[in-house]
Protein chains: 2
Amino acid sequence: MTNSERPTNPQVQRTQKLMLDAARGLLADHGPEGVTHLRVAGAAGVARATVYRHWPDRAAILLDLLRTSADLDLAPPPPDSSITERVVIVLRTFAKALNGDGGRTLAAMIGLSEWDDDVFAALGRMATFGPMFLRSVLSDAVEQGLLDARADPALLADRLIGPLYFRRLLYHEDIENVYVDRLVEATIGPHLVD
Amino acid sequence: MTNSERPTNPQVQRTQKLMLDAARGLLADHGPEGVTHLRVAGAAGVARATVYRHWPDRAAILLDLLRTSADLDLAPPPPDSSITERVVIVLRTFAKALNGDGGRTLAAMIGLSEWDDDVFAALGRMATFGPMFLRSVLSDAVEQGLLDARADPALLADRLIGPLYFRRLLYHEDIENVYVDRLVEATIGPHLVD
DNA sequence: CTTACTTGAGACAGACTGTACCATATCCGT
DNA sequence: ACGGATATGGTACAGTCTGTCTCAAGTAAG
């Protein structure tokens with residue numbers, strides 16, 4: 001586990017940014033195994049020992065990398081829109097993140113998390129954020145009487161998010177908006193109260 | 001890409017089995033990065049050069065490992081049972097495979113497949129097998145008039161399998177039979193023709 | 001300016017890689 | 001059972017990456 005607090009020393013900030021940017025490029029180009037202290041040092045124009053001073057092993061580098069790339073900015077959907085529209089908006093945000101670098105990052109984390117507890121913890125923080133947000137949107141809808149009261153928001157969230165992750169991770173397919181629309185329609189359609 | 005044909009020479013078969021078993025153990029214990037030619041040789045009681053003779057690099061070893069561990073034996077569900085029962089049977093088979101070693105193997109493949117085309121191809125073969133099977137079960141049900149004709153078997157398969165993979169891969173949760181039951185009920189219930 | 005902290009540069013042992021070589025063991029057709 | 005073909009054992013070698021250490025030079029901040 002690395003120190004998650006940001007350094008105050010500007011010199012440290014500079015070198016750390018150089019190294020993280022270099023590592024990010026290496027991860028994108030060669031995968032997790034391509035991120036070595038030596039290469040990061042070379043790409044960042046930094047001494048190898050400096051990389052070791054910041055992160056003891058590869059997992060620590062990746063962890064910091066993955067932590068900083070979990071940037072899906074979830075804005076609350078407009079409350080005056082229909083529940084279907086609201087869910088579509090949220091899911092499209094997920095899909096967008098998955099289609100971009102987030103998908104590769106997530107795939108790397110999933111592979112590592114089976115054997116690295118720290119990565120698993122980071123994955124948990126990242127993975128629960130989205131579903132929790134979606135769940136709250138769904139709960140609100142149930143309270144407002146827009147969704148069948150017997151609908152379980154947790155299961156519903158799984159059923160909405162699961163297929164997106166499935167398609168992206170196993171088929172490497174970009175998620176089209178049409179797919180999201182059909183998924184949402186089919187999934188929450190039967191629970192709508194009209 | 002390694003030769004996928006099985007060797008006829010019994011000597012080769014023996015050593016290959018020894019090495020693959022050793023590699024399987026290493027993968028389970030230490031993850032993909034723990035599978036090195038040196039360790040495989042040591043654990044299998046085999047000369048290091050022999051491991052190199054069979055597989056040129058780590059990816060090739062893992063590929064053979066993953067190829068041989070994709071053993072979910074999908075038996076056609078009893079055709080006289082209800083469509084709900086049939087789908088539950090198929091999905092429980094998936095869940096069982098995911099709960100066991102298959103889940104870890106799959107996670108490893110997902111992580112590797114983003115940067116390794118051979119692993120991606122193997123993942124594709126493995127990942128399409130299940131959904132295709134499920135899709136055919138669903139298609140049959142539509143033809144038999146048990147399911148709403150407007151139901152898209154492909155999307156329906158995604159919606160049934162996706163949540164299972166999602167829970168297993170991101171939360172490391174075993175899939176309970178109750179979860180499968182609720183998922184199937186909620187997903188295909190609205191499409192039932194009674 | 002002075003102290004504390006950070007980095008650069010190089011050395012070092014150890015692990016893993018990838019290849020090569022030859023003697024030995026095993027297979028398989030005759 | 002014999003002999004050529006094939007596979008393995010064992011060893012050596014250069015090369016890369018790891019992880020740690022030391023010391024000189026650079027930077028930050030009171």
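Just the heavy atoms: all of them, side chains too, but no hydrogens, waters or symmetry mates, feed the values below.
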**Complete:** Sequence neighbours excluded, the answer for side chain to side chain donor-acceptor pair (under 3.5 Å) partners of R86(A) is Q144(A)
**Request:** Using five base pairs at each end, measure the axis-to-axis angle across the helix from dC1(C)-dG30(D) to dT30(C)-dA1(D) and round it to 10 degrees.
**Result:** 40°
**Prompt:** Within the pair T36(A) and dC17(D), is there a side-chain N or O less than 4.0 Å away from OP1 or OP2?
**Reply:** no
**Fill in**
So the side-chain hydrogen bond (donor to acceptor under 3.5 Å, both in side chains) pairs with at least one residue in residues 147-157 of chain B (sequence neighbours excluded) are R182(A)-D152(B), D148(B)-R150(B)
With the criterion being N/O to N/O and under 3.5 Å, what pairs connect the protein with nucleotides 12-16 of chain D, and how long is each?
from: dA12(D); atom 1: N6; to: R48(B); atom 2: NH2; distance (Å): 3.2

**Asked** Does a nitrogen or oxygen in the side chain of H54(B) sit under 4.0 Å from OP1 or OP2 of dT8(D)?
**Response** yes
**Request:** Scan for ring-ring contact (aromatic ring centres under 6.0 Å, His included) pairs involving residues 172-194 of chain A, sequence neighbours excluded, and state none if there are none.
**Result:** H172(A)-F120(B)
**Item:** Sequence-distant partners of R58(A), side chain to side chain donor-acceptor pair (under 3.5 Å), two or more places apart
**Value:** E33(B)
**Asked** Can you list the residues that meet the side chain to side chain donor-acceptor pair (under 3.5 Å) rule with R168(B), with sequence neighbours excluded?
**Response** E114(A)
**Complete:** Sequence neighbours excluded, the answer for salt bridge (charged side-chain N to carboxylate O under 4.0 Å, His left out) partners of D181(A) is R92(A)
**Complete:** Applying side-chain contact (heavy atoms from CB on, under 4.5 Å) to L123(A) and not counting sequence neighbours gives L106(A), M109(A), I110(A), S113(A)
**Test item: W115(A) side-chain N/O and R104(B) main-chain N/O as donor-acceptor pair under 3.5 Å** = no
**Asked** Reading nucleotides 21-30 of chain D from the 5' end, what letters show protein touch, with B for base, S for backbone sugar-phosphate only, - for no heavy atom under 4.0 Å?
**Response** BB----SSS-
**Asked** Taking only residues at least two apart or on different chains, which pairs with a member in residues 13-40 of chain A satisfy ring-ring contact (aromatic ring centres under 6.0 Å, His included)?
**Response** H37(A)-Y52(A)
**Request:** Can you tell me the distance, in whole Å, between the NE2 atom of H30(A) and the P atom of dC17(D)?
**Result:** 12 Å
**Complete:** At a 4.0 Å cut-off to heavy atoms of chain A, the contacted part of DNA chain C spans dT6(C) to dA11(C)
**Prompt:** If every non-hydrogen atom of E85(A) is compared with every non-hydrogen atom of S81(A), which pair is closest and at what distance?
**Reply:** OE1-CB, 3.1 Å
